[in-house]
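Inspection log for the structure reproduced underneath, given as structure tokens.
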There are 2 protein chains.
Amino acid sequence: MRNLISLLREVGLQPTPQRLAVAQYVLATTSHPTADEVFEKARKKCPTLSRATVYNTLARLSEKGLVRPQTIMEGVVVFDAYMEKHHHFIDEDTGTIHDVPWGDLVVSGAENLREYEIREYQVVMRGRRRSG
Amino acid sequence: MRNLISLLREVGLQPTPQRLAVAQYVLATTSHPTADEVFEKARKKCPTLSRATVYNTLARLSEKGLVRPQTIMEGVVVFDAYMEKHHHFIDEDTGTIHDVPWGDLVVSGAENLREYEIREYQVVMRGRRRSG
DNA sequence: GTTCGTGCAAACGGTTTGCAACAAT
DNA sequence: ATTGTTGCAAACCGTTTGCACGAAC
């Protein structure tokens, strides 16, 4: 899409077909994909895409603030394009990660932790998604 | 120590020299060591110790509820023997993880997240430790 | 023509597994 | 005898790196 091309140009990245395929997928999904999931999905749009380019592109998107790597799952980094502050709920049955809007939870008491200069924080919840 | 031997027996683990060395270190430290750090330290007490046994022992200590693996750092699992509920602060300068007592923070609003059955949660904070 | 981006394959680091030897029950 | 535990080495998996080719400026 024209928008994506402009977006990449704005942040100083050449809009190659590979980067477009990666960005198109990772910026649109809310599924918190791993690098390998991005690779599988984006390769459908751009079959020549290699793993190295996926890792490379995700690193640059992250540097440019378009995506945030999250280390909340065992063994893998997942990528989150929802850039506003928010919390996470991890469904232990399925491994699915859900975004929880910032305003849904209030954390109080951090002001009293004087030994720490808190740059960011989030609540990480684990459990089951309700069936109903 | 006699206590450690009884403890391992109580949870149904044979108190071998290797397990004693691993348990003695990981249950006493508050430094959130990685498996490899446990290996290095415990090997001083028990030079025949292998990496496989460290991973094996940590997995069992975890099953038995004596230790909790935490996935809050990039690329590694760290082990926490502080089993009461608590939060974590990660010093981004040093990579050090600090335990934050449960009562120091209050999280409210979780009751309203009706789609989720929350089994556990913690606040994960990142920043710098204050110099003063 | 110099820089940037790519694919490939090899390397890497943390973790798991298969297996044969051995100790405990 | 059966089961549990160990060390070793190989396998594994996610990620990074080196490099030579090609495209963009």
Side-chain angles (χ1 to χ4, degrees), chain A residues 4-24 26 32-64 66-79 95 97, chain B residues 4-6 8-24 26 32-64 67-79 95 97:
Chain A
L4 241 198
I5 294 178
S6 330
L7 176 61
L8 291 182
R9 285 218 175 94
E10 275 167 35
V11 299
L13 295 178
Q14 281 181 34
T16 66
Q18 291 83 350
R19 286 178 176 170
L20 286 167
V22 168
Q24 181 171 329
V26 76
H32 304 82
T34 64
D36 211 67
E37 284 161 3
V38 174
F39 173 62
E40 291 298 341
K41 296 300 178 112
R43 197 165 48 156
K44 291 178 181 162
K45 292 269 175 182
C46 178
T48 78
L49 182 64
S50 71
R51 269 195 183 77
T53 297
V54 171
Y55 280 100
N56 191 348
T57 302
L58 289 172
R60 271 148 211 254
L61 294 179
S62 168
E63 286 164 16
K64 303 304 184 179
L66 297 179
V67 129
R68 201 193 308 273
Q70 294 278 358
T71 57
I72 52 186
M73 294 272 294
E74 274 215 17
V76 271
V77 173
V78 301
F79 292 89
I97 300 174
Chain B
L4 241 198
I5 294 179
S6 329
L8 291 182
R9 285 220 174 94
E10 274 167 36
V11 299
L13 295 178
Q14 282 179 34
T16 67
Q18 291 84 349
R19 285 178 176 169
L20 285 169
V22 168
Q24 180 172 328
V26 77
H32 303 82
T34 64
D36 211 66
E37 286 161 1
V38 174
F39 174 61
E40 291 299 341
K41 297 299 180 114
R43 196 165 49 155
K44 291 177 181 165
K45 292 269 176 183
C46 178
T48 77
L49 182 64
S50 72
R51 267 195 183 75
T53 297
V54 170
Y55 280 100
N56 188 348
T57 301
L58 288 172
R60 271 148 210 253
L61 293 179
S62 168
E63 287 164 16
K64 302 305 185 178
V67 130
R68 201 193 307 275
Q70 294 278 357
T71 59
I72 53 186
M73 294 273 293
E74 275 217 14
V76 271
V77 173
V78 301
F79 292 88
I97 301 174

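Order of the sequence lines sets the chain letters (A, B, ...), proteins ahead of strands, with each chain counted from 1. Small disclaimer: the values here were computed from a predicted structure and weren't measured.
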Quiz item: Reckon B:Ser50 has a side-chain N or O less than 4.0 Å from the OP1 or OP2 of D:dT6?
Solution: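 B:Ser50 to D:dT6 OP1/OP2: no side-chain N or O under 4.0 Å.
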Quiz item: At under 4.0 Å, does any side-chain N or O of A:Thr16 touch on OP1 or OP2 of C:dC4?
Solution: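 Answer no for this pair, as no side-chain N or O of A:Thr16 is under 4.0 Å from OP1 or OP2.
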Exercise. Assign each of A:Arg19 and B:Arg9 to its nearest nucleotide of DNA chain C by heavy atoms, then name whichever residue's nucleotide is nearer the 5' end.
Key: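 So the residue in question is A:Arg19.
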Practice problem: Determine the sole option in B:Thr57, B:Thr16, B:Leu20 for which the side-chain contact (heavy atoms from CB on, under 4.5 Å) test with B:Leu8 is passed. | Solution: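 Only match with B:Leu8 under side-chain contact (heavy atoms from CB on, under 4.5 Å): B:Leu20.
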Quiz item: Taking only residues two or more places apart in sequence or in another chain, which ones pass salt bridge (charged side-chain N to carboxylate O under 4.0 Å, His left out) with A:Arg51?
Solution: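 With sequence neighbours excluded, A:Arg51 shows a salt bridge (charged side-chain N to carboxylate O under 4.0 Å, His left out) to A:Asp36, given in chain and number order.
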Practice problem: For B:Glu63, check salt bridge (charged side-chain N to carboxylate O under 4.0 Å, His left out) against everything at least two apart and list the hits. | Solution: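 B:Glu63: no salt bridge (charged side-chain N to carboxylate O under 4.0 Å, His left out) contacts found.
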Self-check item: Heavy-atom pair with the smallest gap, counting every atom of A:Ala35 and A:Val54
Solution: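 In this case the closest contact between A:Ala35 and A:Val54 is O-CG1, 3.6 Å.
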Quiz item: Taking all non-hydrogen atoms of both residues, which atom of B:Pro69 and which atom of B:Val77 are closest, and how far apart?
Solution: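 Taking B:Pro69 first and B:Val77 second, the nearest heavy atoms are CB-CG1, 3.6 Å.
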How long is the line joining [atom1] of [X] and [atom2] of [N], in whole Å?
{"X": "A:Asn56", "N": "D:dG18", "atom1": "CG", "atom2": "C1'", "result": "13 Å"}
{"X": "A:Leu49", "N": "C:dG5", "atom1": "CG", "atom2": "C1'", "result": "12 Å"}
{"X": "B:Leu20", "N": "C:dA24", "atom1": "CG", "atom2": "C1'", "result": "15 Å"}
{"X": "A:Leu58", "N": "D:dG14", "atom1": "CG", "atom2": "P", "result": "15 Å"}
{"X": "A:Phe39", "N": "D:dC13", "atom1": "CZ", "atom2": "C1'", "result": "14 Å"}
{"X": "B:Leu8", "N": "D:dT5", "atom1": "CG", "atom2": "C1'", "result": "13 Å"}
{"X": "B:Gln14", "N": "C:dC22", "atom1": "CD", "atom2": "C1'", "result": "12 Å"}
{"X": "A:Leu61", "N": "C:dG5", "atom1": "CG", "atom2": "C1'", "result": "14 Å"}

Under 3.5 Å between N/O atoms: give me all the protein pairs with nucleotides 10-20 of chain C, atom names plus distance.
residue, atom, partner, partner atom, Å
C:dT15, OP1, B:Val77, N, 3.2
C:dT15, OP2, B:Tyr55, OH, 2.7
C:dT15, O5', B:Tyr55, OH, 3.3

Quiz item: Do B:Thr71 and A:Thr71 have side-chain heavy atoms sitting under 4.5 Å apart?
Solution: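 No, too far: nothing below the 4.5 Å cut-off.
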Practice problem: Find out whether A:Gln70 and A:His32 are in side-chain contact, i.e. whether some heavy atom of one side chain is under 4.5 Å from a heavy atom of the other. | Solution: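 No - every pair of side-chain heavy atoms lies 4.5 Å or more apart.
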Practice problem: Return the nearest nucleotide to the side chain of A:Gln18; candidates are D:dT5, C:dG5, C:dG7. | Solution: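 Of D:dT5, C:dG5, C:dG7, C:dG7 is nearest to the side chain of A:Gln18.
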